[in-house]
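Following: one structure in structure tokens, then a few remarks.
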Amino acid sequence: MIELFNNHICNFLDQKSGFDEDDIQVIKSKFKTEITDDLSKGHITTNIGLVSGSLLGKNPREIAEGIKDHLLILKEVGNVEVAGPGFLNIFIKRSYLATTVNASLKLNEKFGHSDMGNGQSIQIEFVSANPTGPLHVGHGRGAAFGDAIGKILQANGYAVSKEYYINDAGRQMDILAASVWLRLHNCFDDKSFPESGYRGKYIIDIADQIDSNLKIASNKIDGLLSNLPEDSEEQIDVLIKLFQKEDKSLWKQIKDISLKMVLKTIEDDLKDFKVDFDNWYYESSLGSLQDSDSKISSAIDKLKTKGLTYEEKGAIWLNTEKAGDDKNRVLIRDDGRATYFAADLAYHKDKVDRGFDKLINVWGADHHGYIKRIEASLEGLGFSKNKLHVQLVQFANLYQGKQKVKMSTRSGSFYTLKDLIAEIGADAARFYYLSKQADQHLDFDIELAKSQNKENLIFYIQYAHARIASLQSKYLELNQSLPNDLEEIRNGSYTACDKLIHAASKFPGVVERSGETLQPHIIVFYLRDLAQQLHSYYNDNPILKESQENQESILQSLSLVKLVISNGLSLLGIEALEKM
RNA sequence: GCGCCCGUAGCUCAGCUGGAUAGAGUACUUGGCUACGAACCAAGGGGUCGGGAGUUCGAAUCUCUCCGGGCGCGCCA
């Protein structure tokens, strides 16, 4: 609809304004036509008068007057007012409004979709938590966010691929295996268990299952545990080496099974959270430095060829300062092992090689210092850093009322994502994770998320949806079917729903903006406002006492509101409720 | 010290690609069920948009600076 007016205004500029060609281009790029906040300003408003007036040094209101006449030609337009400093407020004819309601309803679950992305492929990498334990509530925010922007971008015409990067190659895997091994042999009690090992109960569960499969002889390593270093980090390293030496194949088996089991729980938790991935990418598939054909070797080779690397203190460094990083970074340590950064760089090269038009990384905010170096490496590899967008997600603090919920991975007992889903359900959890801009701190109150009143926004929005559903079924008891076309009543005089129709018509614009800015919370707040208007209307109007013609008109309008709530929630990965 | 993010009503937050009187919820005061879901609605008070300067016809929004808070600055991942 906005399109229509934009084109018409551009048409005016080109043919009738008499402005300079260059000025017209500037004006076209700067003026905005949008749906108004409320109906006192008409349905559509444009600042074309202000923008041109400012540029040309003319009176904005006079310019607006000229364009006003041009707009009145359109058959869809009922009235146009020049308002304030020079805004043009456009009032649409009611018959045309009815047409737009019909058209929107016909689009059904596609209402709100756009072709902004034009089929471009976009990959979103998110969660990517180390496979060393269950997901905690911090991961939940990244999971909800990545999944939601996936849905939103898809709705905006992008071809979306969601990926989880599994760090299965580093020292942490060794620590995981060592922790399981220790539990397997009951070497320590909870108190004396090495601090830098993983101490959670899930390690015991893994050990139990391995034990029943492998039937490992216990007390096999009693002699190994004497003379351990004091420092807990050194301690775990010594243990890892001991176990590897003791029984190489058993070590490998334990490591593989542990990884598999942890990944399984992560996958299950994400499934319960209604988050799915198109691809699970293993860091180990990047290969090793020893293999000169591996992805990691060839990525580093490419940088070497470009002369961006150098040797210093026995290590191989990448010059990332050149691209704005604070300091240069090590790719290969002095002991010959690749750094995490080297692997990540190879991973990002691989993403680009796979042909995605755009890459989005959803990272915890504590990684922001890492952005520069990954951008630098992409540029070093000959790609534009603009291909990649890193979206930071801040930490979420959980509260139970006023009480902060403690999360400590150290102690091994922590509030997991699974716990959260069990307590408030996946939908409420997703909703609250998404209710604030991702890169800002979020205080997440579990009590609030469970409450059944207006303060709980998801409840309030669902309630609006359920109310309409309930009204529809009431209507169906009295009539054969819901009205499905306003053709017959488009000239009706019932205008009480106009505000609702107007609010609902903003939805496609909201989805686009949410996609452009990667901010799902825009949809959250929009739905809250829409629900508020629905409740207000519902309260003031005894709908089923209206004339039959009015009832049809109302039901039609409310169906649109219901559709918007349902589509909006679904973009957040939440199912709208017919009853609650 | 350097870098990134944030500071809007008592509290929790919207609004930020500059636009028309700065908005919700909560709390407080008050009114509304013989009506389709009152789990709701309506009305009222409450603000130097952290301070200051600049750009502009116009600044919560952009720039600079100061103050206050968070996070990051490994041959960890």
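In this text, all values refer to a predicted model and were calculated from it rather than measured experimentally.
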Gap between atom [atom2] of [Y] and atom [atom1] of [X] - 0.5 Å precision:
{"X": "A:Ile9", "Y": "A:Thr33", "atom1": "CD1", "atom2": "OG1", "result": "4.0 Å"}
{"X": "A:Arg329", "Y": "A:Trp317", "atom1": "CZ", "atom2": "CH2", "result": "9.0 Å"}
{"X": "A:Thr36", "Y": "A:His43", "atom1": "OG1", "atom2": "NE2", "result": "7.5 Å"}

Closer than 4.0 Å, any side-chain N/O of [X] to the OP1 or OP2 of [N]?
{"X": "A:Ser536", "N": "B:A42", "result": "yes"}
{"X": "A:Tyr538", "N": "B:C40", "result": "no"}
{"X": "A:Arg171", "N": "B:G74", "result": "no"}
{"X": "A:Lys454", "N": "B:G25", "result": "yes"}
{"X": "A:Arg329", "N": "B:G74", "result": "no"}
{"X": "A:Tyr460", "N": "B:A38", "result": "no"}

Using the [atom1] atom on both, measure [N] against [M] and round to a whole Å.
{"N": "B:G46", "M": "B:A39", "atom1": "C1'", "answer": "27 Å"}
{"N": "B:C62", "M": "B:A20", "atom1": "P", "answer": "15 Å"}
{"N": "B:A22", "M": "B:G68", "atom1": "P", "answer": "30 Å"}
{"N": "B:A38", "M": "B:G31", "atom1": "C1'", "answer": "13 Å"}
{"N": "B:G25", "M": "B:A42", "atom1": "C1'", "answer": "16 Å"}
{"N": "B:G7", "M": "B:A14", "atom1": "P", "answer": "8 Å"}
{"N": "B:G15", "M": "B:C6", "atom1": "C1'", "answer": "16 Å"}
{"N": "B:C5", "M": "B:G50", "atom1": "C1'", "answer": "16 Å"}

Can you tell me the pairing partner of [N] across any strand shown, Watson-Crick or G-U wobble, with both distances under 3.5 angstrom?
{"N": "B:C71", "answer": "B:G3"}
{"N": "B:G25", "answer": "B:C11"}
{"N": "B:A20", "answer": "none"}
{"N": "B:G46", "answer": "none"}
{"N": "B:C64", "answer": "B:G52"}
{"N": "B:A77", "answer": "none"}

Report yes or no: does [X] contribute a side-chain atom to a donor-acceptor pair with the main-chain N or O of [Y] at less than 3.5 Å?
{"X": "A:Gln551", "Y": "A:Glu546", "answer": "yes"}
{"X": "A:Asp350", "Y": "A:Ala346", "answer": "no"}
{"X": "A:Ser470", "Y": "A:Ala466", "answer": "no"}
{"X": "A:Asn456", "Y": "A:Ser451", "answer": "yes"}
{"X": "A:Ser547", "Y": "A:Asn550", "answer": "yes"}
{"X": "A:Thr339", "Y": "A:Leu331", "answer": "yes"}

Quickly work out the [X] [atom1] to [N] [atom2] distance and round it to whole Å.
{"X": "A:Leu534", "N": "B:C36", "atom1": "CG", "atom2": "C1'", "answer": "12 Å"}
{"X": "A:Gln462", "N": "B:G37", "atom1": "CD", "atom2": "P", "answer": "17 Å"}
{"X": "A:Tyr463", "N": "B:A39", "atom1": "OH", "atom2": "C1'", "answer": "5 Å"}
{"X": "A:Phe459", "N": "B:A38", "atom1": "CZ", "atom2": "C1'", "answer": "11 Å"}
{"X": "A:Glu311", "N": "B:C75", "atom1": "CD", "atom2": "P", "answer": "16 Å"}
{"X": "A:Phe341", "N": "B:C73", "atom1": "CZ", "atom2": "P", "answer": "15 Å"}
{"X": "A:Leu471", "N": "B:A39", "atom1": "CG", "atom2": "P", "answer": "16 Å"}
{"X": "A:Lys372", "N": "B:C4", "atom1": "NZ", "atom2": "P", "answer": "6 Å"}

Remember a base hit wins even if backbone is also touched, and classify [X] as base, sugar-phosphate or nothing at under 4.0 Å, heavy atoms.
{"X": "A:Asp540", "value": "sugar-phosphate"}
{"X": "A:Gln172", "value": "sugar-phosphate"}
{"X": "A:Asn453", "value": "sugar-phosphate"}
{"X": "A:Gln532", "value": "sugar-phosphate"}
{"X": "A:Lys327", "value": "sugar-phosphate"}
{"X": "A:Tyr475", "value": "nothing"}
{"X": "A:Pro85", "value": "nothing"}
{"X": "A:Thr45", "value": "base"}
{"X": "A:His368", "value": "base"}
{"X": "A:Asn89", "value": "base"}
{"X": "A:Tyr370", "value": "base"}

> In residues 281-289 of chain A, which ones come under 4.0 Å of RNA chain B, going by heavy atoms?
Replying inline: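 The stretch gives none, as no residue of it lies under 4.0 Å from the strand.
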> Which of the following nucleotides, B:A77, B:A38, B:U26, is nearest to the side chain of A:Arg467?
Replying inline: B:A38
> Among the nucleotides B:C76, B:G37, B:A35, which one has an atom lying closest to any side-chain atom of A:Met580?
Replying inline: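 Shortest atom-to-atom distance from the side chain points to B:G37.
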>> On RNA chain B, compare the nucleotides closest to A:Asn47 and A:Ser470; which residue's is nearer the 5' end?
In response: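 Upstream on the strand: A:Asn47.
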> Starting at the 5' end of RNA chain B, which residue's closest nucleotide do you reach first, A:Asp326 or A:Arg337?
Replying inline: A:Asp326
> Is A:Thr132 close to A:Ile175 at the side-chain level, that is, under 4.5 Å between some pair of heavy atoms?
Replying inline: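 In short, these two side chains do not touch, never coming nearer than 4.5 Å.
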> Where along nucleotides 11-17 of chain B does protein come under 4.0 Å, by heavy atom, of base (B) or sugar-phosphate alone (S), with - for untouched nucleotides?
Replying inline: --SSSS-
> So does A:Asp335 pair up with A:Arg333, basic N to acidic O under 4.0 Å?
Replying inline: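 The answer is no: the pair does not qualify as a salt bridge.
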> Does a side-chain N-to-carboxylate-O contact under 4.0 Å join A:Asp344 and A:Arg373?
Replying inline: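 So A:Asp344 does not pair with A:Arg373 through a salt bridge.
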> What residues form a side-chain hydrogen bond (donor to acceptor under 3.5 Å, both in side chains) with A:Tyr347, not counting sequence neighbours?
Replying inline: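 Result, side-chain hydrogen bond (donor to acceptor under 3.5 Å, both in side chains) vs A:Tyr347: A:Glu163.
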> Is the distance between the ring centroids of A:Phe444 and A:Tyr433 less than 6.0 Å?
Replying inline: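 Yes, they do, as the ring centres are separated by less than 6.0 Å.
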